[in-house]
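Below is one structure, written out as structure tokens; the observations come after it.
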Amino acid sequence: MKISDVKLTVVGVPRHTGFVNKHVIVEIMTDEGVTGIGEMSDFSHLPKYAVDVVDLENVLKSMLRGQNPFDLTLINNVLSENYPAVMYYYEKGSFIRNGIDAALHDLCAKYLHVSVAELLGGRYQEKIKVCYPIFRHRFVEEVEENLAVVRKRLQEGFDVFRLYVGKNVDADEAFLARVAEEFGSKVKIKSIDFSHLLDWKETLRIVKRLAKYDFEMIESPAVRNDFEGLRQFRLKVDHPVSEHVWDFRQQYEMIRHDSVDIFNISPIFIGGISAARKAAAAAEVAGKACLLGTTQELSIGTAAMAHLGSSLINLTYTSDPTGPKLYTDDIVKKPVQYEQGYLLVPDRGLPGLGMELDWERIERLRVPDLSWGNVSVHQLQDRTS
Ligand SMILES: O=C(O)C(=O)C[C@@H](O)[C@H](O)C(=O)O
Ligand SMILES: [Mg+2]
Ligand SMILES: [Mg+2]
């Protein structure tokens, strides 16, 4: 079997918060008539330049045409040479590699009439506990609307939440106090996420203030790639510390410095399912726990994470992928399913990722390119409109 063509389609999908995210749908065709689908999710992150998708499609065609899609290692090597890791969380090259790697997994699994989880070594779990995100408060007035989000999502079965913090600590504190008061043990806060916005000492001061409230872990409490700062912070707090993995060098440094307790791993930020498996294996070897992070994918990207998570043995903390619940629309006929706060792994009987593109929906969401509108840095960091 040989790859015969590659097609990219750009969509802009609004979230319930009003923020619109741009994603690229990937189709990889073959001479045997099997097509794999993937997703380069959420290009709406800094840095504020846009990838030229027409050019990208041409370049990918020249790299992939004629290749055997089962040569995943070889193809990923070619992709890494062309879109190298650069020690940056939101590196767009990782998003590109991720979309291709997911489509290749879908294609190979479909060809073999198995689901992607089977291709990855089989199902260790059939569902993955996830939490719903509460985006960063800028004003105390936003506390009420975020409490309404908790009420609504709790009714849908999401009983674990994570909170982005650090811009307005009065608001962060008011939110945590109101959640404890109104929901008690019915609602759990998985993490407070500082998103690398602050120096670790400043984070430590805030954590001391918030420590009277219940939360399980602290995420990204130091500036990006400050491995020693993360370690200093970790040794001074009781909570476990989690950090995203965006480069193997960065993960190595975090292991070497013993910087974290939990690796937050997601295919989008490390550049594919194949790379995410390596990161999870490195964590396992280093005796560290894992959770599945997210950029807030649509259903194809989320299904890829469900299959990946299904095969992982060290997924010991609550994960993050809830994209399909955050967006007002999707690109597939049957979106991934959530039940009682769990992401369900698509059925073993469905080949590949178990997702089918819905072109009626896609036409509604299609946009010409990845160009930026008038989005502000605040909106990009806080994911609100
Ligand atoms: O844990 C995180 O950090 C994120 O989830 C990052 C977010 O910015 C996410 O990518 C989003 O788009 O909401
Ligand atoms: Mg985070
Ligand atoms: Mg994102």
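As the structure lists them, so they are numbered: ligands from 1, and atoms in each ligand from 1.
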Give the name of the N/O/S atom in [X] that lies closest to the Mg ion (ligand 2).
X	value
E219	OE2
H244	NE2
D193	OD2

Checklist entry - Heavy atom of E297 under 4.0 Å from ligand 1? => result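 Outside the 4.0 Å threshold, so no.
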Checklist entry - Can you find a non-hydrogen atom of Q381 under 4.0 Å from ligand 1? => result no
Item to check | Metal site the Mg ion (ligand 2): N/O/S of D320 inside 2.8 Å | outcome: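 No, outside the cut-off.
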Next on the checklist: Is the contact between H196 and ligand 1 made by the side chain, the backbone, both, or neither, using heavy atoms and a 4.0 Å cut-off?
Outcome noted: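 H196 to ligand 1: no contact under 4.0 Å from either part.
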Item to check | Side chain, backbone, both or neither: the part of Y164 lying under 4.0 Å from ligand 1 by heavy atom | outcome: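 For Y164, only side-chain atoms sit under 4.0 Å from ligand 1.
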Does an N or O from [X], backbone or side chain, lie closer than 3.5 Å to an N or O of ligand 1?
X	value
Y89	yes
N21	no
D320	no
N264	no

Item to check | Within 6.0 angstrom of Q340 CD, more than 12 heavy atoms from elsewhere | outcome: no
Checklist entry - Would the number of heavy atoms belonging to other residues, nucleotides or ligands and lying under 6.0 Å from NZ of K167 be above 12? => result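 Correct, the count exceeds 12.
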Checklist outcome for this item: Taken to the nearest 0.5 Å, the spacing of Q250 CD from R224 CZ works out to 10.5 Å
Checklist entry - Taking D261 as the fixed residue, which of R234, R231, K288 is the one that meets the salt bridge (Lys or Arg N to Asp or Glu O under 4.0 Å) rule? => result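 The option that passes is R234.
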Checklist entry - With the Mg ion (ligand 3) at the center, what angle do NE2 from H45 and OG1 from T295 span, rounded to 10 degrees? => result 100°
Next on the checklist: Please give the atom name: the N, O or S atom of D42 nearest to the Mg ion (ligand 3).
Outcome noted: OD2
Item to check | Protein heavy atom at shortest distance from atom 9 (C) of ligand 1 | outcome: T295 O, 3.7 Å
Item to check | S115 vs R123 side-chain heavy atoms within contact, under 4.5 Å | outcome: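 In contact.
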